[in-house]
Structure formats: C-alpha cells, structure tokens
There are 2 protein chains.
Amino acid sequence: MQQTKEITIYDLAKALNISPATVSRGLKDHPAISHATKKRIQDMAREMGYRSNNFASNLRRQKTNTIGVMVHELNSSFITSVLSGIEKVTTAADYDIIIAHSSEDYKKEVANASNLFHKRVDGLITSLAYNTENLDHFEPFIQKGIPLIFFDRVEPQYPGAKVVIDNMKAGYDVTSHLIQQGCKRIVHIAGSLKRNVYADRLKGYRKALEKNKLAFDESMVIENDLSEVACVEAAKKILQMKPRPDAVFACNDFAAVVIMQALTEQGIRVPQDIAFAGFNNDTIARLSIPKLTTVNYPGIQMGEIAASHLMSHLNGESNIMQTSTVIIKSELIIRDSSLRKK
Amino acid sequence: MQQTKEITIYDLAKALNISPATVSRGLKDHPAISHATKKRIQDMAREMGYRSNNFASNLRRQKTNTIGVMVHELNSSFITSVLSGIEKVTTAADYDIIIAHSSEDYKKEVANASNLFHKRVDGLITSLAYNTENLDHFEPFIQKGIPLIFFDRVEPQYPGAKVVIDNMKAGYDVTSHLIQQGCKRIVHIAGSLKRNVYADRLKGYRKALEKNKLAFDESMVIENDLSEVACVEAAKKILQMKPRPDAVFACNDFAAVVIMQALTEQGIRVPQDIAFAGFNNDTIARLSIPKLTTVNYPGIQMGEIAASHLMSHLNGESNIMQTSTVIIKSELIIRDSSLRKK
DNA sequence: AAATTTAATGCAATCGGTTACATTGATCAA
DNA sequence: TTGATCAATGTAACCGATTGCATTAAATTT
C-alpha cells in the first residue's frame, strides 16, 4: 500500500539531466537519439519503475491504438474463434482490443457502442445482437469517420464493409444433404428472421425444397430465440406434428442438440426416425450422441479478414468504405446425426 | 468520412459565452451551477455533438473508473456467469470493465497484466491461467497499491483477497456420492495440480476414499490439461485398466463428456458399467446423454462478491488487503450419469 | 444602510507525453 | 578559413477536462 509516486518523463529527465523531449524520444526508439543516450534513458526508466501514461499520450496524439469489438455473446466457439483471429492481426499491428458483449440485447448493444465511442476506439468490429432494430447507435462513428466493419450478423442495407459467409448456400447445402438422405419432411428451426444469417438460411432451405420438388410448408418453420426453453417447446411441437417430420435443420448447434435430446428421451431414434443438422460447428456438435452434422464456420479466418481490412484502412492503405462485402467459404460437415445411408 | 472536428468544452463555452469551467461543471451536474445554465449547456452539447474526452479527464483526475478482469478463457458458462456478476456490480457503481483472456497461457496472462497496468485500471479481478507459474506479473499492481482480487483459480500463498469455493469439500462430496452409488474403483481426472482448484478436489477425493476405507491408488489419478486430445487419451487408458474402473470423476464437465462419449462408443454403458461425474455445471452437462452429475459453481455470485469487495475498497469503505478469503457455497447436482440406484 | 452569507460563475494551473521548430557543436567540402 | 551540412538535443506550445481559489452579484441579517 505504499502508493509509490508515479514516475514521469520529467522525473527521468531530471535524473539524467536531459530534456523531457529527449526522454520521450529515447523511450520510443526515435532515430535522432544517440544510441548511448537511449540506453541511459531506458535503463533509468527501468530502474525508477517508470510507466508511460497512455492518457497523456492518447490525448496528445489524438489516437488510441485501440479497436473495439462488439459481439452478441462470448460463449460460442465461433465467437471465440473470431476473437482470436482478430487478436492475432491487431496484436501484430500493435493495436489493443476492447471486447464488449451485448448478451444478445439491443439496449446493451447501444450502451456498449456509446461506451466504446467515448473510449475513442480507432475502429470498430461488430456482429449485431439478436434483436437489434436499427443502426442508429453507429451513427456517431460514421459521423466522425471512425471505420466500422460488420461480420456475420450484418444489416444488408448497410453500405459499408461486411464479412460474412454465404448463409443461403449453406442452408441450401444442409437441406439438400438431408433430402439426399431420404428426408422429405424437414423442420427448420430459425432464429430471428430480422437477422440476415437466419433469413438467408431459411431462403436456402426453401430453395433446396423447391429444387427437389418438395412443397414448402410454413408450419414446418419454427422461428424462436434459440434459447433452451424455446427449443424444448419446439421439440414438443415437433412431436405433435402429423405425420411426424423426418429431419430437423436447426440454425445453431445448441438448438439442434437440445431438441435432439428432448426427442431422444421420448424414444425417437436419431438419425433413423429423425435426422438432425445444426450450424456453427461448436464444440457441442462433436460431443453429442450421435455426433451432429453441422456447418463449419471459419471463425478465425473471419476475424483475421475483418481485422486486417480495418488495419489497412487505419494505415491509409485502403478505404474501408470502398470495400465491398467479403464472403468467406463455409463447409458442410457430415456426422452421424444425419447419416441414414452409409 | 467528413471527419467533423472534435467539439471540446471550449467550443461549448465560446458558443454560450461562458467559461469552460462552468461548462465542465454543468455537464456533470455540479451543484453550484444553476439549473438554467445546466440546461443551456446540455442542450448545446447535444446540438453540437460534443463528446467528452476520457483521456483528458482521466489524465487530470488520475483515475480511469475502469477495472480489469483477467480470465483464462471465455468459453465456459462459469466464466461468463462470473463476468455478468461483475458487470452487474460495476455498472451500478459507474465503472467500466475491460476483459482480457489468456487462452490458458501464462505468457499471454503476463502480457495482459502489463497491458491492463498501462491502461491504468483502478483495480483488477483475476483467475489464473492453467500454467501460471508465479505472481511476479502482479507485482507492479501491488507496488502501486492497485487493488487486486483473485477468484476461483488462486494462489494459496497470496495473502490478499480471494473468492473461491471449497474445492476440497466439493471433491469430497462428489466422490462420496459415487461411493454411495456402489462405485469402488473411481478414476479421477485432474487438471494441473499446481492450481489450487484441482489440487483441492484431489484432496477431497482422497479424503472420501479414506473415510470409506477404500485404498488410494495413484494410477487411478490422471493429471492432464483437460483438452479434448488428452481426454481421449485418458479414455483409452481407462479402457485398459484391469479390473475396469466403475466410475470417473473429472475436474470439469467437458472432460467428463469427452471421456463418457469415447467409452460409450466402445459399448460401455453409463452409469451401469461406469458412473460419471464432472464439475462446473456447464451447459454441456445438461445436454449430454445421459445428463451429467456435476457441481454447481455459483458464478454470478462469485463475480458479484469479487466486484463489490473491489468497489467498496475503491470507495474507501473497506480495505481489500484486510479482507480474508471468501468461500462461496457450491452444490452437488445429481443427474443420470451417476445414478445406479433409484 | 452596512455587514454578512449564499449562489453562481470565472481564472488559471495542472495532469504527462508529443512534436514542430529552434539551437548547438561537430564534421566536411571548397 | 568559411560556409554548409548533419547529428543530437532542447524549447515550448499543444491536447481537453478538472478544480482550488478567487470574484461578483444577489439575498439575508443586523
């Protein structure tokens, strides 16, 4: 608790009998400072326990070297992959990141945006919350010309930079696969259809049905918030459907596993009675019994691409507003939950 | 991209023909400012799109109103619960939090600590990484009197504030439960025994064996990093043990489920042939088949307690260095994976 | 009416780095 | 020898909000 007084470059300057300017330069390897002086400065800094004051520096430089990352949740392996992709790139470019999560809540997303804005991040990477209604909270960033890049859950109308996968194609692929396995009555569990990712997967689902001359039945699509409670509810609904569906394509792995479990408890066999497919390739997809067919989401790559676009914009090497949407490849991973033919 | 010039309190002052000091006070509801003036200031601020400069403020106040939270991973529901507990308390106290995660890597933990130190957080809440060897990287905080509070994974030697559960008791309870279910050859999957949480659970395991007059067999304890690969490896080892074990008590749910799945694939029935218990009550414990017996970790409460201790220290209401260890209650959750008797 | 208290606002120094623009002394070319 | 060039360092003005200490005017007391 001895509350050592904070050492500043002025203290170092006095101790070394040189000017604060020289100290400042010496600490950051400025070319004009002689090697000998640099060493003296750095040694003294270490000895006296100096730590630079970021605020003073940021205040003067009008730059924070920090970027904000806003996500809807932390607890999916997709999101943590994206984060690690972002971190890899930003760390290399000597930027810090501040992670904010909205717990899928629009209001909290708004609060987080405002917070990051006041923390003066140099740029922002974002995936929208489940129930985000508009992009007004990003206006301040746009006004000040702070670069913005959306990934995964994006707003189709927004004209700026986005990094996504082709959700329609992925939805199409999953559904086609189920059809190939002999399924004809496929339930689709969708998240909020306001979100591009869910709306597009539904489109892909419909397209696959059409292509295979299967009728689209509105009552086979269940839109909910993908929570455990909602999925247990959905499972009940599925049990009551007549004739019974022979496949479930859920918009994420968690939902798929919850429903799969609820049905298994009722004595339904997977995949023989009902085949299952999820989305995201979360850890749980490998740990369920049977293992879950899903779509691999290249999270790390997504994070890397988003971050490196942002970095190159900040370096003036490119303009993010001219960057069109980047679409990353995803891939279907077939596992036991949908394999009815060998 | 119009890069509007940043508005400062000086601009507001000029526009309103008053002093910057009054503007500063008016913006933060200082009692000495008249109601009318306050309103004029706040209206003008809104109109001109003013945003306060945190750096200038922090620099002047020598305080950031930000606390750092360092965790080993983000992808467990235990950790996200702790975070939400912390957020609840800090938000109410008007503090921001910066979350840093080490991906279970000591080096990254060191880097994060240094980063947060330079960001000048007013306090730090931490759970150690898997392979953290010492607490040297916290020295700077201690030197400057920045309050520090550890939770969950703590260093027993550290004399300051800690929030933990009674891991020994929890380990004892789990093991006793398995024994009650008729298990006599119980494998224990431990994480790094350098970490208190794992070492203590092992102690509890041994104590329960002793109490029930079962011999402790070193070869029944497998210490690994709890990764998927290591657990698959462990499952193989278990298969080769003769006579075959009749229970597995793993130090987290993920490990338990991975091993359970690997054994199930070999035709072993759970819980009849081998009973299972995990730890943490992660989501996956409810989604596995059979559902997993585990120990509930009161994450939210842990976060709340850690944060509120920190807040009251920062408010000068108490001294964190005098706070002894806080032990929170955990509880055994019995599910199908260990129920051999009804 | 004079003295005192209270309310509202202003002045100016301060927080600690950064950097454009000197300054100094030394080295080199002519 | 003189002027030019260069390397190394110094000077001082920022960046924007905060706050102790005035100051002024209005309200209240004596």
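Just so you know, these numbers use all the heavy atoms, side chains as well, and skip hydrogens, waters and symmetry mates. Since this is a predicted model, take the numbers as computed values, not measurements. Numbers restart at 1 for each chain; the letters A, B, ... are given by sequence-line order, proteins then strands.
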SB check [X] [Y] (cutoff 4.0 Å):
{"X": "B:Glu133", "Y": "B:Lys194", "value": "no"}
{"X": "B:Glu87", "Y": "A:Lys108", "value": "yes"}
{"X": "A:Asp43", "Y": "A:Arg40", "value": "no"}

Looking only at side-chain N and O atoms, does [Y] offer a donor or acceptor that is under 3.5 Å from a partner on [X]?
{"X": "A:Ser19", "Y": "A:Thr22", "answer": "yes"}
{"X": "A:Asp122", "Y": "A:Thr64", "answer": "yes"}
{"X": "A:Ser34", "Y": "A:Thr37", "answer": "yes"}
{"X": "A:Asp96", "Y": "A:Asn65", "answer": "no"}

Report task. Would you tell me if any nitrogen or oxygen in the side chain of B:Thr37 comes within less than 4.0 Å of OP1 or OP2 on C:dT9? Result ->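 For C:dT9, OP1/OP2 do have a side-chain N/O of B:Thr37 under 4.0 Å.
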Query raised in the report: Got a donor-acceptor contact below 3.5 angstrom from the B:Ser81 side chain to the B:Ser77 backbone?
Result: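 Present.
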Query raised in the report: Going by heavy atoms closer than 4.0 Å, what residues in residues 23-33 of chain B are next to DNA chain C?
Result: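 Going residue by residue through residues 23-33 of chain B, the ones with a heavy atom under 4.0 Å of DNA chain C turn out to be B:Arg25, B:Ala32, B:Ile33.
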**Report entry** Sorted by number, the residues of residues 38-64 of chain B with heavy-atom contact under 4.0 Å to DNA chain C
**Finding:** B:Leu59, B:Arg60, B:Gln62
Requested in this report: Is it possible for you to check whether B:Arg195 lies under 6.0 Å from the centre of the six-membered ring of B:Tyr130, through NZ or CZ, and within 45° of that ring's axis?
Outcome: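 Pair B:Arg195/B:Tyr130 does not count as cation-pi.
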Query raised in the report: For the rings on B:Phe138 and B:Phe150, is their centre-to-centre separation under 6.0 Å?
Result: yes
Report task. Take the protein atom CG of B:Leu12 and the nucleotide atom C1' of C:dT9, then report the distance between them rounded to whole Å. Result -> 16 Å
Report summary line: B:Ile9 atom CD1 is separated from C:dC11 atom C1', nearest whole Å, by 13 Å
Query raised in the report: Where each residue is assigned the nucleotide of DNA chain C containing its nearest heavy atom, which of A:Tyr10 and B:Ala21 is assigned the position nearer the 5′ end?
Result: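 Per heavy-atom nearest nucleotide, the more 5' residue is B:Ala21.
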**Report entry** Range on DNA chain D touched by chain A, heavy atoms, distance below 4.0 Å
**Finding:**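 First and last nucleotides in contact are D:dA8 to D:dG16.
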